[in-house]
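Numbering of ligands and ligand atoms starts at 1, following listing order. Both backbone and side-chain heavy atoms feed into the values below; hydrogens, waters and symmetry mates do not.
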Amino acid sequence: MSEFLKGLIRDIPDFPKPGIVFKDITPLLNDSKGLPEAVSAMAEPFRGKVDTVLGIESRGFIFGAPVAIALGVGLALVRKPGKLPSDTKQMTYELEYGTDTLEIHTDAIPKGGRVVLVDDLLATGGTAAAAVDLVSELGGDLVGASFLIELGFLPGRGKVSPVPVHSVIRYD
Ligand code: AMP
């Protein structure tokens, strides 16, 4: 794991609510060496292995587009409800309190297309698991999920299983 990249991530205790330690990636985004190093570390294992990158709103978009460019493929979007203008498929998933919903355009991924999911951080895995379900409903082949950060003390990796998880920085 890159100690350099880890040094560019800042812990903000009790944000957005008491008890949560928020991993603030803005110093990394601000760093002219940190940003490209993070993007290439997220892309590397998937070189030549995918047809589409799937970026998850909203910090997944920051990394999804440059990872897609690095891999020489296009970008598909998973968004919060009501943002995508054409025909969509929806997936509702459980949060600690209540539920949340994600959407994808029904034509975002061709049947059998090899997809890598990209997001900034894997925590409980609820968001990623909902995106995995959307890809499978569209007939896509999810070959992996790439995160800048994995909170290894939470069950995210198991939730996304059997999709292989790649993370650049892990906290145990
Ligand atoms: P989850 O569905 O629990 O895996 O949460 C994933 C999403 O929530 C990611 O897209 C992150 O942007 C955000 N998130 C969850 N926990 C944190 C945290 N401790 N610090 C920063 N972002 C977080």
Any residue meeting side-chain hydrogen bond (donor to acceptor under 3.5 Å, both in side chains) with Lys23, in chain and number order, not counting sequence neighbours: Asp11
Residues Glu150, Arg157: salt bridge by 4.0 Å N-O rule: yes
Thr101: partners by side-chain hydrogen bond (donor to acceptor under 3.5 Å, both in side chains), with sequence neighbours left out: Thr92
Pair Val163-Val165, side-chain contact (heavy atoms from CB on, under 4.5 Å): steps then yes or no: CA-CA 6 Å; Val163 175; Val165 167; 5.8 Å; no
Within the protein, residues bringing a heavy atom under 4.0 Å of ligand 1, chain by chain: Val21, Phe22, Lys23, Arg59, Asp119, Asp120, Leu121, Ala123, Thr124, Gly125, Gly126, Thr127, Leu151
Option passing side-chain contact (heavy atoms from CB on, under 4.5 Å) with Ile169 (candidates Leu8, Ile25, Ile9): Ile9
With a 3.5 Å cut-off and sequence neighbours excluded, list the donor-acceptor pairs that the side chains of residues 106-119 form with protein atoms.
from	atom 1	to	atom 2	distance (Å)
Thr106	OG1	Asp87	O	3.4
Arg114	NE	Asp51	OD2	3.1
Arg114	NH1	Lys49	O	3.4
Arg114	NH2	Asp51	OD1	2.9
Asp119	OD1	Gly60	N	3.3

